[in-house]
Amino acid sequence: MTDLDRRDFLATGAAATAGAAVLGGPLAGFLATPAAARGRRDRPTRLVDVLDLRDGVRRLALPEGFQYRSFQPSRLSAPLILDDGSKLPGRHDGMAAFSSHRKGEDDDHDDHRGWRGSDKRGRDVVTLVRNHEENGSGVGRSFGVAGTPVYDTGALGGTSTVRVTNDGIVQQSFASLGGTQMNCSGGKMPWGSWITCEETVNGYDLGDDFTRTPPGGTDPGPLTYVQNARLQKNHGYIFEVPVDDDASAQPITQAGRFAHESVAWDPHTDALYLSEDNFAFPSGFYKYVPPRNPKRSGRLQDGGKLYMLKVKGVSNADLARHQERGATFEAEWVQIDQPNFDFGRPAAGAAPSKANDQGIVFVGDQGRAKGAAQFSRLEGTVYDSGWVYFTSTQGGLSTTPTQVDQTNGFGKGFGQIWGYNTRRGTLHMLFESPGREVLDFPDNITTSRRGTLVVCEDHDDRNFLRGLTRKGRLFDIAQNRIENRLNDEFAGATFSPDGRTLFVNIQATEGLTIAIWGPWHRIDV
């Protein structure tokens, strides 16, 4: 059992600055609540081991009264075969849940179209679009079968689409995008699409990634099995995957070529906000303004403009270091002049002219040359009521200037949660972890109907799903209890449209998706 209240961070925080809780949003109440009230201990809540309804194996610890069922475990070496004949890659990551519905009877699309909103037993059916963060390459080995939209036949990542009941019974699944790489997270769009993000800049024009020499050490050679020479196209883009239509498999190049992590759409500014997880270097917070409003055109178009956040009056503000809770910054945006790049395909047998580390900072360095702020490893983003919330995985703790760390990752803290008010153009520090026992490397995030922020952890000392309520209470929702895999990360948390089920992935060599349901109101989720 795990006592949730022992992880309550409230007694450690500084009071919010006056006026920080402007307008609404899930955490506006947190900033407005007096420090004394935020320190109040709520009723005890505990996690208990619960057996998986799929096979009776212990995989999660949950609050009493909750149940779950896992589905579609898969890895590259032992793939699950989907209904369309595709081999499911594994490394399940970012994900979104959509309503399922039947299209018109005269629809002549492939048989994965025309789905209804319930199964034969009347159970609600949800459509999940799910990333697979595979970083490999192989000639002609892209995910999918004939008819699957494919970007690069040499890349192993992509997205799968799953029709599943609220209690985790799979009805249908198929490959919805193939030939992409390192599909980490993304974002659910209100016009009925999932935007999937490539967290890499691998391509034929760059050397293999993760080949840097450790300080004081010798070059170990490639640390991944990626061989960029096998790739047919360059990577580092975002792609649109419609729920009820085929993906174009064409990147939105003007949204930048960098280590994309996730995106969130703001209907008030008609902009797509993007996070960057540039592991060993400073990361940026971006916005992409498309040439047409996607809610009117029904799709995200290329050809827009890309911007990077700058703190007004401060050049290259170091936001990766310690910030006081409630700290507020006026933001402005600097334009990226060259969001996309291609250094050219090398001659046969020749090495690329640029190293991967040069490519991965190409876009961000343009913004920083104009004074853009630097963060530590930006990951999950979510929009709610005029705010975009995003996590900084290794931000915080240290008060000294953050230095590039090519081995352990840029940043010395255990994580920050930021909020950007899209209407007022202000950036707010909502929470900074004082230590790994409180919050340990926050990653993907989503919000519940009650406004609670659900946070996936991604570190190496057990991993939890955390909840952060409107009143500022941080608590555990679930713990990974998979035997010999306690450190596998949670990813892709997303609620079913009716709010009854939380779907989440275990992102590891063997990926896994889990449906969790129970009395959410009892734990303020």
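From a predicted model like this one, the values you see are computed outputs, not experimental measurements.
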Could you check whether any side-chain N or O of [X] sits under 3.5 Å from a backbone N or O of [Y], counting only pairs where one atom can act as donor and the other as acceptor?
X      : Y      : value
Tyr68  : Leu60  : yes
Arg69  : Asn166 : no
Glu198 : Tyr237 : yes
Thr328 : Gly326 : yes
Ser376 : Phe410 : yes
Gln507 : Ala491 : no
Thr447 : Gly451 : no
Ser398 : Lys412 : no
Asn505 : Gly492 : no
Ser275 : Glu379 : yes

Salt bridge check: are [X] and [Y] linked by an N-O gap of less than 4.0 Å?
X      : Y      : answer
Glu483 : Arg58  : no
Arg485 : Glu510 : yes
Arg436 : Asp460 : yes

Residues two or more places apart in sequence or in another chain: which of them pass side chain to side chain donor-acceptor pair (under 3.5 Å) with Ser70? Asp52, Arg54

Do we see a donor-acceptor contact under 3.5 Å between the side chains of [X] and [Y]?
X      : Y      : value
Ser176 : Thr159 : yes
Thr469 : Asp524 : no
Ser173 : Gln72  : yes
Arg130 : Ser160 : yes
Asn463 : Asp458 : no

I would like to know whether Arg500 and Asp124 meet salt bridge (Lys or Arg N to Asp or Glu O under 4.0 Å); could you show each step before the answer? CA-CA 10 Å; Arg500 289 168 47 198; Asp124 290 340; 3.3 Å; yes

Centre-to-centre under 6.0 Å for [X] and [Y], is that the case here?
X      : Y      : value
Phe258 : His260 : yes
Tyr420 : Trp418 : no
Tyr151 : Phe239 : yes

Side chain to side chain contact (heavy atoms under 4.5 Å, CB included) partners of His322, counting only residues at least two apart: Glu324, Thr399, Glu432

Closest heavy-atom pair, Asn408 versus Phe279, reported as atoms and distance to 0.1 Å, is C-CZ, 3.6 Å

Going through the checks in order, is the ring pair (Phe, Tyr, Trp, His ring centres under 6.0 Å) test met by Phe375 and Phe390? CA-CA 11 Å; Phe375 295 86; Phe390 59 97; 5.7 Å; yes

Relative to each other, are the rings of Phe414 and His459 parallel, tilted or perpendicular (30° and 60° limits)? tilted

Quick one: does NZ or CZ of Lys188 land under 6.0 Å from the six-membered ring centre of Phe98, within 45 degrees of the ring axis? yes

Hey, what do you get for CD1 (Ile360) to CD (Glu276), rounding to the nearest 0.5 Å? 7.5 Å

